[in-house]
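First up is the structure itself, then whatever we jot down about it.
Positions are given from 1 along the sequence.
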Amino acid sequence: MSKFFDGKLSALEPYTPGEQPKNVSELIKLNTNESPFPPSPRVFEVLNRESIEKLRLYPAIGVTELHQATADFYGIDPEQVFTANGSDEALAFCFHGLCPNGAAFADLTYGFYPVFSDMFGIPYRVVPLREDFTLAVEDYEGLHETVFIANPNAPTGLYLELARIRALLEQDRERLVVVDEAYIDFGGESAVALLPEYENLLIIQTFSKSRQLAGARLGLAIGSRELIADMNTLKFSFNPYSVNNLTLLEGAAAMRDREYFETCRHEIIRVRRLVTEELRRRGFTIPESMTNFIFASPPGLTGRDYYEKLRERGILVRYFGIPRTENYVRITIGSEEQMQALLAATDDILKEA
Ligand SMILES: *Cc1c(COP(=O)(O)O)cnc(C)c1O
């Protein structure tokens with residue numbers, strides 16, 4: 001730390017991203033929940049000489065084709081859509097500007113929530129998940145902090161039915177609930193359906209997981225016009241042009257290509273079911289995932305051992321070295337071929353153990 005670093009932030013513990021190894025081609029990378037598929041063919045089409053020439057201009061502001069495409073997808077108004085440089089940026093604005101009474105979130109959830117809280121000096125309350133990793137919305141009754149729920153949750157993969165989200169919203173209509181739907185397209189139902197009834201709901205989504213654009217950095221917030229106006233106030237007080245020209249075009253193209261989106265997400269769901277069944281047959285414990293990953297506990301060895309032995313065999317998964325989940329690893333659902341390699345490596349590891 002330099003002598004210039006603000007003492008208020010000296011204890012800041014940054015988020016630890018999953019490893020992005022240089023030799024990707026030699027590894028089977030199942031550690032950061034990226035898609036095994038390329039972006040939509042329509043994304044390739046919008047990257048051309050004309051769009052590249054336009055890079056000399058600042059990106060469009062206001063309602064763009066991306067806002068319209070998102071609005072059409074969900075049957076909402078484009079003014080209910082906010083765009084950000086990844087959903088991480090949208091979440092940062094929520095912590096910075098929408099937590100007047102602090103924040104509340106689970107002990108096992110997206111690791112960025114406590115980091116944002118610390119970064120912006122927001123006090124936060126940790127509400128532990130139940131023994132079986134489920135989230136009981138009753139545990140939030142009477143809390144006044146802005147509630148952050150990843151639904152489905154990471155790293156557990158568990159999904160909360162919309163009726164549960166509704167119950168959470170009903171507890172206190174003066175309390176904002178931010179639902180982070182990074183994984184909603186892998187089997188869940190978006191809370192966007194609840195927006196007409198609840199103005200205390202803000203939904204965050206990303207193009208990184210189900211739309212094959214993790215590297216483009218694009219996220220959304222969807223909510224009431226008033227909440228979206230607040231998000232824009234925050235964005236325009238920080239970096240109005242945080243979403244670049246090309247990403248705006250790529251996002252709109254991906255959002256419009258419904259057929260490709262459906263094909264990719266259904267393939268992930270199919271392979272997830274197959275791998276879950278195969279691993280359970282081998283004695284793994286796996287909560288029911290509604291995401292593009294599984295949270296898996298191998299029989300007879302710790303999460304760390306399994307992680308390390310997979311790595312020796314060229315397969316990268318995510319291990320979180322915290323006591324509550326030390327027997328688990330998080331495995332991204334890749335292509336069927338990649339998952340067959342995971343199963344083969346697992347058989348080899350289990351034989352050895
Ligand atoms: C991946 C992920 C994000 C971040 O997505 P980006 O749009 O790539 O910033 C946000 N929330 C959860 C729960 C995630 O898993």
Side-chain angles (χ1 to χ4, degrees), residues 6-16 87-184 191 194 198-206 219 221 223-224 227 230-231 234 287 291 295 320-326 328 330:
D6 189 330
K8 286 198 294 296
L9 295 175
S10 61
L12 193 62
E13 261 193 61
Y15 176 73
T16 319
S87 60
D88 286 338
E89 189 185 55
L91 285 165
F93 290 134
C94 297
F95 279 90
H96 198 180
L98 299 177
C99 292
N101 302 315
F105 44 81
D107 58 340
L108 283 182
T109 189
Y110 189 37
F112 232 129
Y113 301 160
V115 178
F116 285 137
S117 302
D118 289 339
M119 171 89 167
F120 299 119
I122 304 296
Y124 63 91
R125 179 197 298 271
V126 172
V127 183
L129 297 178
R130 298 292 173 93
E131 191 58 37
D132 59 357
F133 298 145
T134 57
L135 185 149
V137 297
E138 297 74 33
D139 297 346
Y140 290 79
E141 184 82 55
L143 303 188
H144 297 296
E145 293 91 346
T146 298
V147 174
F148 288 82
I149 302 274
N151 192 38
N153 196 17
T156 62
L158 290 172
Y159 170 65
L160 263 188
E161 296 291 335
L162 227 42
R164 303 278 71 211
I165 299 291
R166 181 191 288 279
L168 191 63
L169 292 161
E170 290 279 354
Q171 285 172 2
D172 181 355
R173 284 178 177 257
E174 300 302 311
R175 180 188 67 187
L176 180 65
V177 175
V178 178
V179 183
D180 180 351
E181 294 190 336
Y183 302 104
I184 198 65
L194 300 178
Y198 299 97
E199 58 177 30
N200 57 330
L201 168 63
L202 187 67
I203 294 147
I204 304 295
Q205 291 195 354
T206 176
S224 70
L227 272 172
D230 293 341
M231 292 292 279
L234 295 162
T291 63
F295 201 45
F320 304 91
I322 53 170
R324 196 170 174 190
T325 61
E326 65 191 355
Y328 286 80
R330 191 192 68 190

Report yes or no: does [X] contribute a side-chain atom to a donor-acceptor pair with the main-chain N or O of [Y] at less than 3.5 Å?
X	Y	result
D107	L129	yes
N151	V179	no
D172	H144	no
D118	L12	no
R330	G157	no

Q: Go through the side-chain N and O atoms of D180 and Y113 and say whether any donor and acceptor fall under 3.5 Å apart.
A: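 Yes, Y113 and D180 have a side-chain donor paired with an acceptor closer than 3.5 Å.
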**Q.** Any residue meeting salt bridge (Lys or Arg N to Asp or Glu O under 4.0 Å) with D6, in chain and number order, not counting sequence neighbours
**A.**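 Once residues adjacent in sequence are excluded, the partners of D6 under the salt bridge (Lys or Arg N to Asp or Glu O under 4.0 Å) criterion are K8.
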Q) Less than 4.5 Å apart, any side-chain heavy atom of I184 and any of Y159? A) yes
Q: Might you point out which heavy atoms bring L194 and I165 nearest each other, and give the distance in Å?
A: CD1-CG2, 4.0 Å
(Q) On a heavy-atom basis, which atom in N200 and which in L169 lie closest, and how many Å separate them? (A) ND2-O, 3.1 Å
Q: Count the heavy atoms of every other residue, nucleotide or ligand shown that sit under 6.0 Å from CD of E199, and state whether that count exceeds 12.
A: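 Counting other residues, nucleotides and ligands, CD of E199 stays at 12 neighbours or fewer.
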**Q.** Charged N-O contact under 4.0 Å between E131 and R324
**A.** no
